[in-house]
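A quick write-up on the structure given underneath.
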Amino acid sequence: GAQYIPTGRGLATTREPLVKLFRCFAASHMYDALEALLLLSFCHGVDYGMGFYSCTIFTVTSWFAAPFLFNPRQFESAKQTCQDFQEWTVWMRSKESSEVMSWHAWQMRLQEARRNSYLIS
């Protein structure tokens, strides 16, 4: 019969802090969602059809919400959610040199990676 082969990753049953979720998913999900929302706002007044607007809004909502919806126990308690938000605002305002402690350092690392990459290999 079939047998389970452990991968060493474990089952995702722990709650992750908002700052960690932001660091993991902002560059790949949230920034793209914000960009699509901005482009959608430029389409205001143009009739592309209800299907276009519905799909775009669904996509933007999915990109914003997915990191939180698929994280077990993210909104388990209001107290923990408020504490997460406070930690996130401190992280956003901090100018520390560590990516874990500061949005500024994290963003500088992302920009450095972009500066050192080439569009054409």
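None of these values were measured; they are calculated from a predicted model.
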Applying ring-ring contact (aromatic ring centres under 6.0 Å, His included), name anything that partners Tyr48, two or more places apart in sequence or on another chain.
->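 Checked Tyr48 against ring-ring contact (aromatic ring centres under 6.0 Å, His included); matches are Phe52.
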Return the set of residues passing side-chain contact (heavy atoms from CB on, under 4.5 Å) with [X] (not counting sequence neighbours), or none when no residue passes.
| X | answer |
| --- | --- |
| Arg109 | Glu99, Trp106 |
| Glu76 | Arg73 |
| Gln107 | Tyr31, Trp103, Leu110, Gln111, Arg114 |
| Ser97 | none |

Mark yes or no for whether Thr81, through its side chain, and Ser77, through its backbone, hold a donor-acceptor pair below 3.5 Å.
->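 Yes; at least one donor-acceptor contact below 3.5 Å.
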State the [atom1]-[atom2] distance between [X] and [Y], to the nearest 0.5 angstrom.
| X | Y | atom1 | atom2 | value |
| --- | --- | --- | --- | --- |
| Met92 | Phe85 | CE | CZ | 9.5 Å |
| Phe64 | His29 | CZ | NE2 | 12.0 Å |
| Leu18 | Arg23 | CG | CZ | 10.5 Å |
| Trp91 | Met101 | CH2 | CE | 11.5 Å |

What residues form a side-chain hydrogen bond (donor to acceptor under 3.5 Å, both in side chains) with Gln83, not counting sequence neighbours?
->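 Partners of Gln83 by the side-chain hydrogen bond (donor to acceptor under 3.5 Å, both in side chains) criterion, ordered by chain and then number, come out as Glu87.
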If we only count heavy atoms from C-beta on, is the Val60 to Leu40 side-chain gap below 4.5 Å?
->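 No - every pair of side-chain heavy atoms lies 4.5 Å or more apart.
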If you look only at pairs with a residue in residues 88-98, which of them pass as a salt bridge (Lys or Arg N to Asp or Glu O under 4.0 Å), with sequence neighbours excluded?
->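 Salt bridge (Lys or Arg N to Asp or Glu O under 4.0 Å) check on residues 88-98 returns no pairs.
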Restricting to pairs with a member in residues 30-48, which pass salt bridge (Lys or Arg N to Asp or Glu O under 4.0 Å), not counting sequence neighbours?
->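 Residue pairs with at least one partner in residues 30-48: there are none.
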Is the NE2 atom of His104 crowded by more than 12 outside heavy atoms at less than 6.0 Å?
->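 Open: at most 12 neighbouring heavy atoms sit under 6.0 Å from NE2 of His104.
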Where at least one partner belongs to residues 56-65, residue pairs that pass side-chain hydrogen bond (donor to acceptor under 3.5 Å, both in side chains), sequence neighbours excluded =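 side-chain hydrogen bond (donor to acceptor under 3.5 Å, both in side chains) check on residues 56-65 returns no pairs.
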So which residues get pulled into Leu39's cluster when ILVMFWY side chains under 4.5 Å apart are joined, directly or through others?
->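 The other cluster members (ILVMFWY side chains, heavy atoms under 4.5 Å, direct or chained) are Leu38, Phe42.
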